[in-house]
Amino acid sequence: ENGDWRYLLGNLLLQLKRDEDALPHLQAATRLLPDLLPAHEALGRVYLDLDKPEDAVPHLEKARPLDDGSISFALSAAYRKLGRQQEARAALARYQALSKQQSTTVLGNEGPIPPP
């Protein structure tokens, strides 16, 4: 019952698209280590892949401090499936803002790279 190991195994299974196999490991990881935000993100993604948006939302919301845009995008999809359109639009706007911020950070103030 090691939460870190359960998270690592569950996340690996998620990456291999074996959501059903990942689910019990990620559930255990979030139970054993409730503050392990990557485990909550992974569990939220598994629930979303399994078409259980109502279960995905609390875990994705908890993992929001890790958001680079991908969590907001997943939340937007989950909210939309639940008919929570206003929250879906807000999450999509956050995704777009974070994506723009990342591209600005990557490119810096120099703008796009010119062709050779």
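The analysis underlying the following values was restricted to heavy atoms, covering all of them including side chains, and did not include hydrogens, waters or symmetry mates. Note that the structure is predicted; figures quoted are calculated from it, not measured.
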Peer 1: Supply the atom-to-atom distance Ile71 CD1 to Glu61 CD, rounded to the nearest 0.5 angstrom.
Peer 2: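 That separation rounds to 11.0 Å.
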Peer 1: If we only count heavy atoms from C-beta on, is the Leu75 to Arg64 side-chain gap below 4.5 Å?
Peer 2: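 Contact flag for Leu75/Arg64 side chains = yes.
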Peer 1: To the nearest 0.5 Å, what is the distance between CZ (Arg18) and CG (Leu12)?
Peer 2: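 Going from the CZ atom of Arg18 to the CG atom of Leu12 covers 8.0 Å.
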Peer 1: Taking the side chain as every heavy atom from C-beta outward, state whether Glu20 and Val46 have any atom pair closer than 4.5 Å.
Peer 2: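 No, every pair of side-chain atoms sits at 4.5 Å or beyond.
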Peer 1: Which heavy atom of Leu60 sits nearest a heavy atom of Ala74, and at what distance?
Peer 2: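 Heavy atoms only, the tightest pair is CD1-CB, 4.0 Å.
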Peer 1: Indicate yes or no for a side-chain donor-acceptor contact from Asp19 to the backbone of Leu50 under 3.5 Å, with no hydrogens or angles considered.
Peer 2: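 No; zero donor-acceptor contacts below 3.5 Å.
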Peer 1: So, the side chain of Ser76 versus the backbone of Ala88: is there a donor-acceptor pair under 3.5 Å, distance only?
Peer 2: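 Indeed, once roles are kept as given, a pair shorter than 3.5 Å links the two residues.
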Peer 1: For residues Gly44 and Ala56, report the shortest heavy-atom separation together with the two atoms involved.
Peer 2: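 Scanning both residues, the minimum pair turns out to be O-CB, 3.2 Å.
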Peer 1: Heavy atoms, side chains only, cut-off 4.5 Å: are Leu13 and Leu26 in contact?
Peer 2: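 Leu13 vs Leu26: side chains apart.
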Peer 1: To the nearest 0.5 Å, tell me how far Leu9 CG sits from Asn2 CG.
Peer 2: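 Here the rounded value is 11.5 Å.
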Peer 1: Do Tyr7 and Leu33 touch side chain to side chain, with heavy atoms closer than 4.5 Å?
Peer 2: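 They are not in contact (no side-chain heavy atoms under 4.5 Å apart), so the answer is no.
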Peer 1: Nearest 0.5 Å, what's the CG-CG distance between Asp4 and Leu36?
Peer 2: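 Those atoms lie 6.5 Å apart.
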Peer 1: Could you walk me through whether Gln85 and Arg89 satisfy the side chain to side chain contact (heavy atoms under 4.5 Å, CB included) test, starting with their C-alpha distance in whole Å, then the side-chain angles of each, then the deciding distance to 0.1 Å, before giving a yes or no?
Peer 2: CA-CA 6 Å; Gln85 299 307 320; Arg89 283 190 295 274; 3.6 Å; yes
Peer 1: With distance as the sole test, does Ser99 use its side chain to make a donor-acceptor pair with the main-chain N or O of Tyr95 at under 3.5 Å?
Peer 2: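 Confirmed, Ser99 side chain pairs with Tyr95 backbone.
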Peer 1: What heavy-atom pair brings Gly3 and Ala29 nearest, and what distance separates the two atoms?
Peer 2: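 Smallest interatomic distance, heavy atoms only, reads O-CB, 3.6 Å.
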Peer 1: Would you indicate whether the side-chain heavy atoms of Pro38 and Asn11 approach each other to under 4.5 Å?
Peer 2: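 Side chain of Asn11 against side chain of Pro38, heavy atoms only: no contact under 4.5 Å found.
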Peer 1: Which distance, rounded to the nearest 0.5 Å, do you find between the CD of Glu41 and the CG of Asp67?
Peer 2: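 With rounding to 0.5 Å, CD (Glu41) is 8.0 Å from CG (Asp67).
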Peer 1: Can Lys52 and Asp55 be counted as an ion pair, charged N to O under 4.0 angstrom?
Peer 2: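 Result for this pair is no, no salt bridge flagged.
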Peer 1: Quick one, Leu23 with Leu43, criterion side chain to side chain contact (heavy atoms under 4.5 Å, CB included). Give me CA distance, side-chain angles, the key distance, then yes/no.
Peer 2: CA-CA 7 Å; Leu23 183 61; Leu43 182 55; 3.6 Å; yes
Peer 1: Does the side chain of Arg94 come within less than 4.5 Å of Leu98's, by heavy atoms?
Peer 2: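 Yes, their side chains come closer than 4.5 Å.
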Peer 1: Decide yes or no on side chain to side chain contact (heavy atoms under 4.5 Å, CB included) for Glu87 and Val57, but give the supporting numbers first.
Peer 2: CA-CA 11 Å; Glu87 290 168 287; Val57 166; over 6 Å; no
Peer 1: So, applying side-chain hydrogen bond (donor to acceptor under 3.5 Å, both in side chains) with Tyr47, which one of Gln27, Glu54, His59 is it?
Peer 2: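 The single option meeting the side-chain hydrogen bond (donor to acceptor under 3.5 Å, both in side chains) with Tyr47 is Gln27.
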Peer 1: Using a strict cut-off of less than 4.0 Å between a Lys/Arg side-chain nitrogen and an Asp/Glu carboxylate oxygen, indicate whether Lys81 and Asp51 qualify as a salt bridge.
Peer 2: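 So Lys81 pairs with Asp51 through a salt bridge.
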